[in-house]
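Accompanying notes for the structure given below.
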There are 2 protein chains.
Amino acid sequence: MRAQNAALTQVEQSFKDAGFPPLTWYDVLWELERGDRAGMRPFELESHLLVPQYGLSRLLDRVEKAGYVERRPCDGDGRGQVVVITKLGRQLRRRMWQVYAPALNSAVADRLTAKETATLSRLLGKLLP
Amino acid sequence: MRAQNAALTQVEQSFKDAGFPPLTWYDVLWELERGDRAGMRPFELESHLLVPQYGLSRLLDRVEKAGYVERRPCDGDGRGQVVVITKLGRQLRRRMWQVYAPALNSAVADRLTAKETATLSRLLGKLLP
DNA sequence: TATATCTACATGCAATTGCATTTAGTGGAA
DNA sequence: TTCCACTAAATGCAATTGCATGTAGATATA
């Protein structure tokens, strides 16, 4: 708990200092950008993130209002939608990474050797559902 | 992030299932109970917990209203107060532990060997401020 | 001993979150 | 077809959080 809190706080703070939105926005943008087969369904996004369904719904409200994603009606499924990252969204993602990468390094990577990082990752993996 | 989320979610869920308040309440009660040299100052509590000052102030409001702690005026310092756990608070802490311990075990301890636990703890320690 | 500075804690207000439920649409079985 | 159980997403409302600031008392400084 303390370690996660420390690392997360540092990262979030660095985003704030740079005038960027929170980490969750980055996560959304990154998921959309990396898969990019023309967008993702919210329920699919949800499964990659750590946000509950209603949390994602409202997170998308905000991110969309800010112009970083678009919600489009979904072809095969009338209930659903497809979330697409905008050009502006890609831009923000890239600029956030400029801040995120060094923050991650100083909060995590710089504090561990490569071997330690691998071990930590393996051990934490054992705690996953 | 995922590992912490998984473990925390399981623990919180087990508290909910048992009709108990959230983990933060436990943390407060435990800090008060273990140090117990007749109570602690909020700023001191804060340094042991992962809650910001205003967060603790309101957390104490709730825990106090529920009768698990008392806020008393502070002798040497007119600005401050001393937070004391009540008998009811100790009782709750003990009952919560009955749920917390097995939840922790199944979320964490049971998934790691003793050696792994020690290693994980050591590596996470390197991420602390 | 005034007065400025700092520390401890609280709080108004806006934003976010959690919970339960709603709305809309799908797919399957009778 | 028609009905029903199920999935996708949104939302009303209450609780919690974050931020900035307020208040009161301590401490230091000139």
Side-chain angles (χ1 to χ4, degrees), chain A residues 1 4-5 8-28 31-32 39-66 69-84, chain B residues 1 4-5 8-28 31-32 39-66 69-84:
Chain A
M1 296 287 291
Q4 194 260 4
N5 183 264
L8 181 58
T9 299
Q10 288 175 72
V11 167
E12 290 286 21
Q13 189 57 53
S14 66
F15 282 139
K16 263 176 236 172
D17 291 346
F20 288 136
L23 181 56
T24 48
W25 290 43
Y26 183 91
D27 290 336
V28 166
E31 282 305 325
L32 291 175
M40 279 173 98
R41 301 286 297 274
F43 74 91
E44 199 180 355
L45 253 176
E46 187 195 331
S47 71
H48 293 292
L49 304 178
L50 294 165
V51 182
Q53 181 271 319
Y54 57 83
L56 179 57
S57 174
R58 293 203 258 229
L59 176 55
L60 289 175
D61 288 346
R62 287 172 246 143
V63 179
E64 181 178 40
K65 183 151 54 167
V69 304
E70 261 179 58
R71 288 199 256 208
R72 297 181 187 157
C74 178
D75 262 22
D77 190 339
R79 296 164 298 181
Q81 45 187 236
V82 177
V83 185
V84 182
Chain B
M1 295 286 290
Q4 195 262 5
N5 183 263
L8 181 58
T9 298
Q10 289 174 70
V11 167
E12 291 284 22
Q13 189 57 52
S14 67
F15 281 139
K16 264 177 234 171
D17 291 347
F20 288 135
L23 182 55
T24 48
W25 289 42
Y26 184 90
D27 290 336
V28 166
E31 282 305 324
L32 290 174
M40 278 172 97
R41 301 287 298 273
F43 74 92
E44 198 181 355
L45 254 175
E46 187 195 332
S47 70
H48 292 293
L49 305 177
L50 295 165
V51 182
Q53 182 270 320
Y54 58 82
L56 179 57
S57 175
R58 294 203 257 228
L59 176 54
L60 289 175
D61 288 346
R62 287 173 246 142
V63 179
E64 180 178 39
K65 182 151 54 166
V69 304
E70 261 178 57
R71 289 199 257 207
R72 297 181 187 156
C74 177
D75 262 23
D77 188 338
R79 297 164 298 182
Q81 44 186 238
V82 176
V83 184
V84 183

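These numbers come from the heavy atoms of this one structure, side chains and all, not from hydrogens, waters or symmetry mates. Letters A, B, ... mirror the listed sequences (proteins, then strands); counts begin at 1.
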Start with the C-alpha distance between B:Leu49 and B:Val28, add both sets of side-chain angles, then the distance that settles side chain to side chain contact (heavy atoms under 4.5 Å, CB included), and finish with yes or no. CA-CA 8 Å; B:Leu49 305 177; B:Val28 166; 3.7 Å; yes
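- Within the 4.5 Å cutoff, the side chain of B:Asn5 has no heavy atoms near those of the B:Met1 side chain.
- In this structure, B:Leu60 places its CG atom 15 Å from P of C:dA8, rounding to the nearest Å.
- Here the side chains of B:Gln13 and B:Gln10 are not in contact, with every heavy-atom distance at 4.5 Å or above.
- Between the C1' atom of D:dA10 and the CZ atom of A:Phe43 lies a distance of 16 Å, rounded to the nearest Å.
- Contacts of A:Gly55 with the nucleic acid, taken as non-hydrogen atoms under 4.0 Å apart, are absent.
- Spacing between atom CG of B:Leu23 and atom C1' of C:dG18 amounts to 17 Å, rounded to whole angstrom units.
- Put simply, CZ on A:Arg62 is 17 Å from P on C:dA14, counting in whole angstrom units.
- Where B:Val82 and B:Arg58 meet DNA chain C, the nucleotide closest to each residue was compared, and B:Val82 sits on the side nearer the 5' end.
- Proximity of B:Lys16 to the phosphate of C:dC19: a side-chain N or O atom is located under 4.0 Å from OP1 or OP2.
- Listed pair A:Arg41 / D:dA9 meets the phosphate criterion, a side-chain N or O lying under 4.0 Å from OP1 or OP2.
- In terms of polar N and O atoms assigned as donor or acceptor, the side chain of B:Arg79 comes within less than 3.5 Å of the base of C:dT7 in a complementary pairing.
- With hydrogens and angles ignored, a donor-acceptor pair under 3.5 angstrom links the side chain of B:Gln53 to the base of C:dA10.
- Rounded to whole angstrom, the span from the CG atom of A:Leu59 across to the P atom of C:dG18 amounts to 12 Å.
- Along DNA chain D, the nucleotide closest to A:Pro42 and the one closest to B:Gly78 are compared, and the more 5′ of them pairs with A:Pro42.
- Summarising the geometry, atom CZ belonging to A:Arg41 is positioned 13.0 Å from atom CZ belonging to A:Arg71; distances are rounded to the nearest 0.5 Å.
- Note: CG (B:Leu8) to C1' (C:dT17) measures 14 Å, nearest angstrom.
- OP1 and OP2 of C:dA10 both lie 4.0 Å or more from every side-chain N or O belonging to B:Tyr54.
- Using a 4.5 Å cut-off on side-chain heavy atoms (C-beta onward), B:Leu23 and B:Leu8 make contact.
- Between the CD atom of B:Gln81 and the P atom of D:dG25 there is a distance of 13 Å, rounded to whole Å.
- Between B:Asp61 atom CG and C:dC9 atom P the separation is 13 Å, expressed in whole Å.
- Residue B:Arg71 has no polar side-chain atom (N or O) positioned under 4.0 Å from OP1 or OP2 of C:dC9.
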